[in-house]
Amino acid sequence: QVQIVESGGGLVQPGGSLRLSCTASGFSLDYYALGWIRQAPGKEREGVACINLADGTTSYADSVKGRFTVSRDNANHMTYLQMNSLKPEDTAVYYCATIPVGVEPCLLVPKLYDYWGQGTQVTVSS
């Protein structure tokens with residue numbers, strides 16, 4: 001049974017940092033990637049970053065490149081999203097989700113993700 005739980009959201013001022021954590025279990029690390037998908041009020045879901053659990057390759061949306069870093073700790077079933085230089089437009093509910101992968105880098109297309117956590121709210125405001 002796949003279980004995914006996110007944590008680490010909160011309120012932060014513009015320019016600040018947050019680290020989101022995702023604990024995920026119940027699937028094979030060899031065939032899956034974990035991604036971070038966000039949804040702001042009134043907007044479509046947006047894939048922001050993902051990491052292939054087998055080899056650590058990553059993909060980032062242009063909107064977060066250079067500011068966000070995704071990493072994994074397979075031994076502890078953890079994936080992290082370090083978010084720096086946060087902007088008000090980063091405000092959203094952030095979800096951790098799984099996506100099956102082959103040899104290609106993981107894709108940031110929300111509809112391709114199959115198992116999702118409950119989400120954690122990130123608010124960037126002064």
Nearest 0.5 Å, what's the CG-CG distance between Leu53 and Asp30?
9.5 Å

Test of understanding: clusters of I, L, V, M, F, W, Y form through side-chain heavy atoms closer than 4.5 Å, transitively. Do Val122 and Leu108 belong to the same one?
no

Pairwise side-chain contact, Thr58 with Asn52, heavy-atom cut-off 4.5 Å (strictly under):
no

CG of Leu34 to OG of Ser71: how many Å apart, nearest 0.5 Å?
11.5 Å

Do Pro88 and Ser125 have side chains that get closer than 4.5 Å, going by heavy atoms?
no

Treating Ile, Leu, Val, Met, Phe, Trp and Tyr as nodes and any side-chain heavy-atom pair under 4.5 angstrom as an edge, say whether Leu18 and Val124 lie in one connected cluster.
yes

Minimum heavy-atom separation for Ala97 to Trp116, with atom names?
CB-CD2, 3.7 Å

So, taking the atom named CZ in Phe68 and the one named CG in Leu81, what distance separates them when rounded to the nearest 0.5 Å?
6.0 Å

Verify the cluster assignment for Met83 and Ile51: are they in a single hydrophobic cluster under the rule of side-chain heavy atoms below 4.5 Å apart?
yes

Ion pair Asp90/Lys87, N-O distance below 4.0 Å:
no

Trp36/Val70 under side chain to side chain contact (heavy atoms under 4.5 Å, CB included): CA gap, chis, key distance, verdict
CA-CA 9 Å; Trp36 290 93; Val70 61; 4.0 Å; yes

Heavy-atom nearest pair, Gln121 first then Val93, reads OE1-CG2, 3.2 Å

Minimal heavy-atom distance between Arg67 and Leu86, with the atoms involved, is NH1-CA, 3.9 Å

Gap between atom CG of Asp73 and atom OG of Ser21 - 0.5 Å precision:
10.5 Å

If we count only N and O atoms by modelled type, under 3.5 Å, do the side chains of Glu46 and Ser63 hold a donor and an acceptor together?
yes

NZ or CZ of Arg38 within 45° of Tyr94 ring axis and under 6.0 Å:
no

Test item: Gln82 side-chain N/O and Arg19 main-chain N/O as donor-acceptor pair under 3.5 Å
no

Within a radius of less than 6.0 Å around OH of Tyr115, do more than 12 heavy atoms belonging to other residues, nucleotides or ligands occur?
no

Ile4 side chain reached by Thr98 side chain, heavy atoms, under 4.5 Å
yes

Give the cluster check for Ile37 versus Val48: same hydrophobic cluster or not, with ILVMFWY residues linked at side-chain heavy-atom distances below 4.5 Å.
no

Looking only at non-hydrogen atoms, find the nearest pair between Leu112 and Leu107 and report the distance.
CD1-CD1, 3.8 Å

To check you understand the geometry: which heavy-atom pair defines the closest contact between Ser17 and Ser85, and what is its length?
OG-N, 4.4 Å

Donor-acceptor under 3.5 Å (Asp55 side chain, Thr57 main chain):
yes

Find out whether the Lys NZ or Arg CZ of Arg45 is both under 6.0 angstrom from the six-membered ring centre of Tyr95 and within 45° of the ring's axis.
yes

Heavy-atom pair of closest approach, residues Cys106 and Ser59
O-OG, 2.9 Å

Can you hop from Tyr60 to Leu20 via hydrophobic side chains spaced under 4.5 Å?
yes

